[in-house]
Amino acid sequence: MEQNGESHLKEPLLHAADGASAAAARVSPRKERTTRKVMFNVRGMSCGSWVVAGLKGVESIQVSTLQGQAVVQYSPEETDARTIKEAIEDINFEVDELQEQEIAVCRLRIKGMACTSCSESIERALLMVPGVKKAAVGLALEEAKVHFDPNITSRDLLIEAIEDAGFGADLISYGDDVNKMHLKLEGVSSPEDTKLIQSVLETVEGVNNVEWDTSGQTVTVAYDPDVTGPRLLIQRIQDAAEPPKCFNASLYSPPKQREVERHHEIMSYRNQFLWSCLFSVPVFLFAMVLPMLPPSGDWLFYKIYNNMTVGMLLRWLLCSPVQFIIGWRFYVGAYHALKRGYSNMDVLVALGTNAAYFYSVYIIVKALTSDTFEGQDLFETSSMLVSFILLGKYLEVVAKGKTSDALSKLTELAPETAVLLTLEKDGSVISEVEISTQLLQRNDFIKIVPGEKVPVDGVVIKGQSHVNESMITGEARPIAKKPGDKVIGGTVNDNGFIIVKATHVGSETALSQIVQLVEAAQLARAPVQRLADKISRFFVPTVVVAAFLTWLGWFIPGQLHLYPQQWIPKAMDSFELALQFGISVLVVACPCALGLATPTAVMVATGKGASLGVLIKGGNALEKAHKIKTIIFDKTGTLTKGKPSVVQTKTFSKIPLLELCDLTASAEANSEHPLSKAIVEYTKKLREQYGSPSDHMMDSKDFEVHPGAGVSANVEGKLVLVGNKRLMQEFEAPMSSEVEEYMSEMEDLARTCVLVAIDRVICGALAVSDPLKPEAGRVISHLSSMGITSIMVTGDNWATAKSIAKQVGISTVFAEIDPVGKAEKIKDLQTQGLAVAMVGDGVNDSPALAAADVGMAIGAGTDVAIEAADIVLMKSSLVDVITAIDLSRKTLAKIRLNYVWALGYNVLGMPIAAGVLFPFTGIRLPPWLAGACMAASSVSVVCSSLLLQLYKKPLHVEEVPMTAGPGDGGSNLV
């Protein structure tokens, strides 16, 4: 029998024909991993004799004639499910739709997007690919996340679809390939060596994919960290060499693709702008400056042939490279857009520059063929327009690069190296070595000295210290760490020496999960983005029509002399004036500013939220949070710390408090109840105060749990009872009036009174409470000032619930409610038209978190993957509830401001460009200046979003830790 008894789980549901098992047994581990299965519903089968095994790529076929099903195992490199389906249909069987076996996810980096129309075009192109179930394209993030059926399509087809749409695409990650390591190899001198190493790596259990770069002698290995690790893989490579050969493998850090490509894009726009200026500035000087400075510009008017001048020829020669070489990108973008049936900024730029350029070419042709024709070319319009648009794109990509600064800083928090320890069974250190953090594996032991960063998530097994987690959770106060406590990778060890056992490495660390979650949030499109999407669909066609009408509106009256001739500038006729107005309308309109208004703001806000310890799962959650009018709080672990502790003690006899607690803790030591743990922990602290060994426990016998009442045990020959009133009555321990009064007093304070009897005489009591979070009251008060109503819903009894609610200032309470009941309460409030948020711990409250408009999960940094919540509050502080809502409100206000600016710019800019002010003021917007305005609008929107980086939390609560003295009988609650 196989280990763990899981052999039956690996058996196929449908049995293969004879010989199939033997064939399957010969498949190598790598081959087995690269084959896929697809199931068909086949009608008309009367026996299992039909086969398509002759089809290339088919590994095996399993048939169930009773169920009318067939399972085909195939190699995706050689065939696909659709081809197999067609082959079955060719032998006269009816095949129903494919039953999906799995959904794969891949992330792609997109190049060349400029506006919302571009991202929408890519989404449409991806969704048209057979097998694609969902596609999300982030304009600001410049990425796409695609869910698809790998039985029908592949990564290569997705990339091909994007390239057909006119954009570039590179694979970022695919499925389980998140854990990757890059190795530089030495000693590999032949193709045989390459094949040997590849085969060795592919046979290692847990390796998902191996990719070679033979030119650079590097290999990329995707692996499962639960099964294998980087040091094992390096060792396997070294062991593969047969003397005298020697293979060496070392970690290789390739340049970060996104940063490299962004830098390349910035440099590309900068260089193109500078090259365009090299040609455009002389054109501008020859057209606009030197003719105004006689006699310096007189040589420009020398006639070469007929009426063609030196100035015309120079402007034509200098403008043409700008139009057709430097500006070629606009032609390509416009072609692909129009081919897909949509229009974008490239279409407007291409139309505007071509109109100016080819009209100017017409002027030159007329001047060449006539000695009487006089006309003014517009080459400076074409060349300056391209230059200003390139300048705007350069400034835009520089600004967009800064929108992900917060996320980049998070990824850089982890240290580069760590000290790996080898321990004996008794915990003594055998050796220590400094290695790269990327080489750490699960269950490694790591030494961390004061001032060093924690390399990966883990558990402290030795030593005590304080760890500064502000860079992950935003919590400025150092957190005490002792054996058994969790630490988060990227945080800083302040003042003590600790040894940590690694529990999460690679993509599983809290830091990596935060980055993945924020990136996913930045891909999610906010509902407010729909406004820009709707406008973008008809924006460019509307602008083209408006430009044509503008040209007609000036050209026809000019030909009919309906306006004074002095309106027409010198050296220009009515056609040229009308053309300039039309071109200005074309190029002043900016769809890019509208498209960038939402995604850039969401990108900056989610990154800023992550740096403050608030993880917002997408634009949808960010938008909904600003509408919240009612917040429902869970009690335990949300309003309270979720950690019961002894807050008061009382003795009813002359027995010393330490002896009473020793007997109580010894009786409770074998119990797993939270109250028992609180009593044991309190006793340990009390012993430390009295100078006694904190871990010493008296021998206890006859331990017995009394459900719903308490425990009993024989400690040092004494019968010790620890529990409630019912336990005392069960053992006939008399209850005095003093005990009754104390119990009543504690219950009024929402504390659990634990009675202790020795030999059936009640000698004392311990009041146990789950302390309120110190910030709870101020948070509720601040929410009220924001116009938000707070409600508490808990499963606890009414007395405790009302007491807690009174202390924090909540007036509406629902108690004794189960998890499903909490979700029902939320739905009741939603039927009243209220936008409801739920704040809970994300475990028992998951139904309510899912039912709420916005679910906020209170959780530690290692619990960031809470599926039910829309927002995760990393540091478990209620203050971040206010931060999340306030950040949402600020972000939505910023998005609205961006829309006002982008729409207002177009609404005002287009009429001015069309010449509305010209008859009254003589002011007109030349096309080159209109292009500069268009570029400035996109830059201004991105810079407006970047101001969210300056966001400050509206409420700061300094927590002052207060602990009750063990013997003072007081409370540690304020």
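Values in this document were obtained by computation on a predicted structure and should not be read as measured data.
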Report task. Check the side chains of Tyr362 and Asp377 for a donor-acceptor pair under 3.5 angstrom, ignoring hydrogens and angles. Result -> no
Query raised in the report: Are the side chain of Ser276 and the backbone N or O of Phe273 linked by a donor-acceptor pair below 3.5 Å?
Result: yes
Report task. For the pair Ser268 (side chain) and His264 (backbone), establish whether a donor and an acceptor sit closer than 3.5 Å, ignoring hydrogens and angles. Result -> no
Query - Atom pair CD/CD1 of Glu163 and Ile110 - distance to nearest 0.5 Å - result: 9.5 Å
Query raised in the report: Less than 4.5 Å apart, any side-chain heavy atom of Tyr269 and any of Leu391?
Result: no
Query - Validation row: Ile266, Tyr394 side chains within 4.5 angstrom (heavy atoms) - result: yes
Report task. For Trp275, look at atom CH2 and say whether over 12 heavy atoms of other residues, nucleotides or ligands are found less than 6.0 Å away. Result -> no
**Report entry** Polar side-chain atom of His626 near backbone of Glu623 as donor-acceptor pair, under 3.5 Å
**Finding:** yes
Requested in this report: Can you establish whether the number of heavy atoms outside Tyr335 located under 6.0 Å from its atom OH is more than 12?
Outcome: no
Query - Expected output: side-chain Thr381 to main-chain Pro927 donor-acceptor under 3.5 Å - result: no
Report summary line: Shortest non-hydrogen pair, Leu171 vs Arg155, comes out as CD2-NH1, 3.6 Å
Report summary line: Heavy-atom nearest pair, Leu126 first then Leu158, reads CD2-O, 3.9 Å
Query raised in the report: How close do Ala884 and Val614 get, heavy atom to heavy atom, and via which atoms?
Result: CB-CG1, 3.9 Å
**Report entry** Interatomic spacing from NZ in Lys608 to CE in Met603 - rounded to 0.5 Å
**Finding:** 15.5 Å
Report task. Answer with yes or no whether the side chains of Asn898 and Ser945 bring together a donor and an acceptor at under 3.5 Å. Result -> yes
Query raised in the report: Is a donor on one side and an acceptor on the other found under 3.5 Å between the side chain of Thr353 and the backbone of Val349?
Result: yes
Query raised in the report: Between Ser574 and Gln559, is any side-chain donor less than 3.5 angstrom from a side-chain acceptor?
Result: yes
Query raised in the report: Is there a donor-acceptor pair closer than 3.5 Å between any side-chain N or O of Ser119 and the backbone N or O of Val137?
Result: no
**Report entry** Ser383 side chain vs Val322 backbone, donor-acceptor pair below 3.5 Å
**Finding:** no
**Report entry** Over 12 foreign heavy atoms within 6.0 Å of NZ, Lys134
**Finding:** no
Query raised in the report: In terms of side-chain heavy atoms, does Tyr359 have a donor or acceptor partner in Gln580 at a distance below 3.5 Å?
Result: no
Query raised in the report: Given the rule in the ring pair (Phe, Tyr, Trp, His ring centres under 6.0 Å) test, do Phe555 and Phe575 qualify, once you have shown the distances and angles that lead to the verdict?
Result: CA-CA 5 Å; Phe555 175 64; Phe575 177 84; 5.6 Å; yes
Query raised in the report: Are any side-chain N or O atoms of Ser370 and backbone N or O atoms of Lys366, one a donor and one an acceptor, separated by less than 3.5 Å?
Result: no
Report summary line: Per side-chain contact (heavy atoms from CB on, under 4.5 Å), Thr891 is matched among Thr606, Val604, Leu948 by Leu948
Requested in this report: State whether the side chain of Arg315 and the backbone N or O of Phe286 hold a donor-acceptor pair below 3.5 Å, judged by distance alone.
Outcome: yes
Query raised in the report: Quick check: are there more than 12 heavy atoms from other residues, nucleotides or ligands sitting under 6.0 Å from CE of Met128?
Result: no
Report task. State the CD1-CD distance between Ile162 and Glu123, to the nearest 0.5 angstrom. Result -> 10.5 Å
Report summary line: Separation between NZ (Lys111) and CZ (Phe167), nearest 0.5 Å, reads 13.5 Å
Query raised in the report: More than 12 heavy atoms of other residues, nucleotides or ligands under 6.0 Å from CH2 of Trp551: is that the case?
Result: yes
Query raised in the report: Asp149 side chain to Gly131 main-chain N or O, any donor-acceptor pair under 3.5 Å?
Result: no
Requested in this report: Report the distance from atom CG of Leu313 to atom CZ of Phe379, rounding to the nearest 0.5 Å.
Outcome: 9.5 Å
Report summary line: Heavy-atom closest pair (Cys933 atom, Tyr905 atom, distance to 0.1 Å) is C-OH, 3.1 Å
Query raised in the report: Is any side-chain N of the basic residue among Arg329 and Asp346 closer than 4.0 Å to the acidic one's carboxylate O?
Result: no
Query raised in the report: Between CD1 of Ile583 and CG of Leu385, what distance do you get to the nearest 0.5 Å?
Result: 8.5 Å
Query raised in the report: So, Ser320 and Tyr357: side-chain donor and acceptor under 3.5 Å apart, yes or no?
Result: yes
Report task. Please determine, by modelled atom types, if Trp901 and Ser944 share a side-chain donor-acceptor pair under 3.5 angstrom. Result -> no
